[in-house]
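Whatever order the structure lists ligands and atoms in, that order sets their numbers, starting from 1.
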Amino acid sequence: MVMEYSKEGHANQVTMNAISSAGTITPISTTCTLILLSLSLLASPRPAGAFSIRSPHAGAAAVAGRERISLNAGWRFSRFTSNPDSLSYSTLKQWILPSANDFISGSKRQRPSGTPPGNNVNYTQTSFDDSAWEAINLPHDWAIKGPFNAPGVSGGMGRLPSNGVGWYRRKMALTSDDIDAGRSIFLDIDGAMSYAAVWLNGNLVGGWPYGYNSFRLDLTPYAKAGDNMLAIRVDNALDSSRWYPGAGIYRNVWLVKVDATHVGQYGTYITTPTVSSQSATLNLVVEVENKRTTSQSVDVATEVYELDPTTRKPRGAVVATFPKATADIAAGVKKAVNGSVTVKTPLLWGPPPAQKPNLYIAITTLSANGGAIDTYETVFGIRSIAYDADKGVLINGQEVYVQGAAFNVRASERQLGMLQEMGSNALRTSHNPPAPEFLDIADRLGFMVLDEIFDCWNNQKTTNDFHLIFADWSEPDLRSFIRRDRNHPSVIAWSVGNEVSEQSGVAGGTTSQMLKDIAHSEDPRPVTVAMNNAGSSSAIAKVLDIIGLNYQGEGRGTSTSSTFPSFHQAFPNKMIWSSESSSAVSTRGTYIFPVASGNNAVVGGASAGGNPTAMYVSAYELYATSWGSSPDKVFAAQDTYPYVAGEFVWTGWDYIGEPTPYDSARSSYFGIIDLAGFKKDRFYLYQSRWRSEFPMAHILPHWTWPERVGQVTPVHVFSSGDEAELFVNGKSAGRQKKAQYTYRFRWDNITYAPGDLRVVTYKNGAQWAVDTKRTVGDAKALNMAADHSTISGDDLSFITVAVVDNNGDTVPRANNTITFSISGPGKVVSTDNGDPTDMTVFPSLTRKAFNGLALAIVRANAGASGKITVSAAANGLAGAQVTLQAG
Ligand code: GAL
């Protein structure tokens with residue numbers, strides 16, 4: 001992992017292009033969850049990740065005594081819009097706080113004596129008849145299936161019914177061997193929204209309030225042989241978030257059974273203090289936990305292999321073996337065992353395209369009395385990283401400009417794959433811990449991750465957000481987050497806050513110092529906060545290892561006054577990046593006239609790119625919020641201040657909630673890619689800059705404007721070339737060179753007439769890339785294309801439907817109503833179209849096309865094989881079908 005860390009005062013190096021992933025949840029549910037999956041996860045920045053099951057995370061695998069069993073199947077669920085049980089966080093708090101004891105440095109929290117609350121509530125009892133409750137599998141998000149416009153839920157929170165109390169119940173079998181052998185039985189929940197409290201057999205075990213964090217509870221004291229009843233309560237207040245938070249147990253849940261002496265939770269930590277292409281030193285800490293009532297002597301052995309990224313299993317022979325260590329662990333304690341080894345000619349981890357994201361796996365075996373008692377796997381990467389105030393981020397000595405954006409495993413693979421196609425190499429998990437699998441994918445694809453945990457500290461942003469529990473939970477949440485994520489080579493920095501209101505005052509300095517100290521006691525990677533209001537003389541700026549600026553670097557709105565210089569001057573040894581940039585807004589395929597003449601405008605009415613009635617924003621990609629900037633303006637600032645290490649764009653994907661500038665809509669306008677996963681024009685603007693060696697050209701708008709014949713209709717082109725010539729119906733409209741600080745070619749005086757547009761671009765004088773657009777005829781048929789034609793397990797296939805004319809060209813403003821049907825062993829789990837105003841519920845099989853396109857997400861039935869046929873029909877159009885193979 002991290003090798004060199006540049007502390008304040010050292011000049012190291014690096015740069016980037018990144019994207020913010022609105023750190024939020026993206027729930028998945030049995031059926032509709034997937035949707036989110038795909039929609040929001042995918043969709044966004046905001047989603048931090050829901051998943052479907054699959055790939056165990058580091059430290060999984062049922063080997064040598066350790067079993068990690070999915071508890072996702074077979075739950076009963078009920079949601080209550082008013083409190084059904086008189087429980088609340090305040091009644092449960094004293095019993096829940098001790099669940100954090102492994103993650104606090106001060107004195108441990110004591111569980112009160114007496115009968116815990118809820119032990120008498122009927123939902124926690126084995127005898128309770130839950131047969132009338134809904135049968136569900138996890139991950140589950142009760143709100144995602146809608147309907148929209150839920151009473152009391154704000155536009156910011158996405159208008160879906162995420163509020164209320166949810167109860168989940170299931171039986172869980174343990175064997176008499178489990179109990180008689182004194183094994184430890186743990187419940188691992190990757191994320192439950194929110195205020196989770198857990199009962200086993202009518203006994204309150206503990207809980208964890210922060211819905212984005214992963215947590216473990218020790219079930220052992222309450223476990224028995226045979227059936228055990230697990231009951232989990234979650235509680236979501238209104239006004240608890242600035243975006244759609246999801247609702248319920250929206251990530252995976254695991255039962256871990258291990259010998260009473262075992263590798264602890266997040267119990268390995270691998271660092272790589274020296275790295276070169278010839279050799280790398282690996283330092284390993286293994287934390288062994290002895291839950292026996294007697295001391296135990298264990299041998300600790302660890303072997304390192306290359307990782308096969310597809311199977312997440314070792315590939316080939318052992319590449320390094322840590323010296324075997326023997327440790328005597330007293331009863332009831334944890335003990336760290338350290339080791340060090342050299343790997344010759346290591347395969348380094350680094351971001352593509354210049355580098356490869358190679359990974360390794362360390363397999364740790366604990367043995368006692370000559371027999372293996374626990375085996376634990378840790379996936380990691382070998383790389384050096386440095387943070388340079390003038391050059392930005394350096395990975396393995398190479399400068400990497402940060403090009404960042406913001407996640408079901410398949411769904412997030414699709415999301416991240418598209419971001420990579422655009423040239424993005426970094427992700428910010430704005431503003432909360434992502435699902436564990438998100439980082440596995442980032443490691444594998446070679447993204448750099450700014451791993452972020454909080455959107456607020458002690459001061460609120462919304463009435464019921466994390467500020468209510470920050471004092472009690474910030475330390476354990478931060479420690480457990482870092483211990484979970486620190487073996488991931490993709491994580492290049494920790495962000496402990498976003499636009500917190502304390503930033504510009506005294507508390508900005510003291511709270512950031514407190515969080516930084518905690519973070520550094522767990523891991524040396526730099527700590528930052530995304531600052532939109534702090535200045536270079538604010539106390540917080542002195543504390544942070546990386547200066548993260550939101551919007552102020554490029555200047556807010558129409559201002560170009562930049563704070564990069566004042567921070568650079570005040571902190572000449574600290575790296576600066578735009579932790580958040582742009583907040584440009586647009587609606588895919590929608591063009592509004594007239595078009596702003598400058599390179600940036602604040603979105604407004606029709607003359608400023610907006611349509612408040614229809615609630616759409618023009619996709620000329622010049623419009624942004626009053627605190628934001630178009631991509632063009634951000635690029636100009638980056639070229640003016642080359643020491644800036646890169647940016648995290650708000651946002652990679654649209655997400656549910658925060659529908660600025662039109663609060664009555666359902667989803668955001670910020671995405672470079674829309675909620676359904678269709679590319680907006682902006683995708684090509686980023687690609688033209690972030691993949692400057694990839695020959696591409698992209699014309700906008702579409703060229704089917706029967707109502708604009710004879711009217712001025714500007715034509716803009718995004719290209720990685722440096723010169724371009726536009727031909728309108730075969731006639732040149734002029735050849736242009738890209739001027740300094742401009743990032744698009746524009747012909748603003750073209751008069752529309754039906755026909756065709758063709759652009760020829762050049763680079764260094766040679767022809768580079770071409771693009772064409774032609775006037776399209778009437779809608780005649782549907783076309784369907786699946787991104788995956790074979791699906792198994794919980795894989796998804798994303799099927800795009802286009803409304804086309806006789807030539808097969810997409811009809812740019814078609815909004816025909818499409819009805820999906822399916823035969824064979826699969827299900828259409830969600831449909832969408834990317835329209836921020838479409839309140840049709842995600843599971844609906846009828847969906848209007850939006851600007852020519854619609855999406856259906858199909859999942860194969862568990863364990864099924866055979867042919868799945870998905871059909872789409874629309875009145876007056878020839879229908880279409882696509883065949884998938886399950887299994
Ligand atoms: C930022 C904030 C983000 C998001 C964005 C929308 O100021 O950090 O969470 O709200 O504005 O433009």
Participant: Kindly state whether the ring of Y620 and the ring of Y591 have centres lying under 6.0 angstrom apart.
Facilitator: yes
Participant: Show which atoms of ligand 1 fall inside a sub-4.0 Å distance from at least one heavy-atom site of E658.
Facilitator: 4 (C), 6 (C), 10 (O)
Participant: Under a 4.0 angstrom heavy-atom cut-off, which atoms of ligand 1 come close to S583?
Facilitator: 5 (C), 6 (C), 12 (O)
Participant: Does ligand 1 have any atom sitting under 4.0 Å from a heavy atom of F670?
Facilitator: yes
Participant: Report yes if the distance between the aromatic ring centroids of Y641 and F564 is under 6.0 Å, otherwise no.
Facilitator: yes
Participant: With atoms numbered from 1 as shown, which atoms in ligand 1 lie under 4.0 angstrom from a non-hydrogen atom of Y551?
Facilitator: 1 (C), 5 (C), 7 (O), 11 (O), 12 (O)
Participant: For Q687 and R682, does a side-chain donor sit closer than 3.5 Å to a side-chain acceptor?
Facilitator: no
Participant: By number and element, which atoms of ligand 1 are closer than 4.0 Å to a non-hydrogen atom of E499?
Facilitator: 1 (C), 2 (C), 7 (O), 8 (O)
Participant: Within a distance under 4.0 Å of any heavy atom of H431, pick out the atoms of ligand 1 and give their elements.
Facilitator: 3 (C), 8 (O), 9 (O)
Participant: Going by heavy atoms, is T625 under 4.0 Å from ligand 1?
Facilitator: no
Participant: Output the list of atoms in ligand 1 that are nearer than 4.0 Å to some heavy atom of E580, sorted by atom number.
Facilitator: 1 (C), 2 (C), 3 (C), 4 (C), 5 (C), 7 (O), 8 (O), 11 (O)
Participant: Before signing off on this row, confirm whether R242 and ligand 1 have an N or O atom pair separated by under 3.5 Å.
Facilitator: yes
Participant: Please check if the distance between the ring centroids of W473 and F466 is under 6.0 Å.
Facilitator: no
Participant: Quick one: are the ring centres of F678 and F850 less than 6.0 Å apart?
Facilitator: no
Participant: Using ring centroids (six-membered ring only for Trp), state whether F635 and Y686 fall under 6.0 Å.
Facilitator: yes
Participant: Geometry only, no angles: is W627 polar-contacting ligand 1 at N/O separations under 3.5 Å?
Facilitator: yes
Participant: Aromatic contact between F470 and F454, with the criterion being ring centroids under 6.0 Å apart: yes or no?
Facilitator: yes
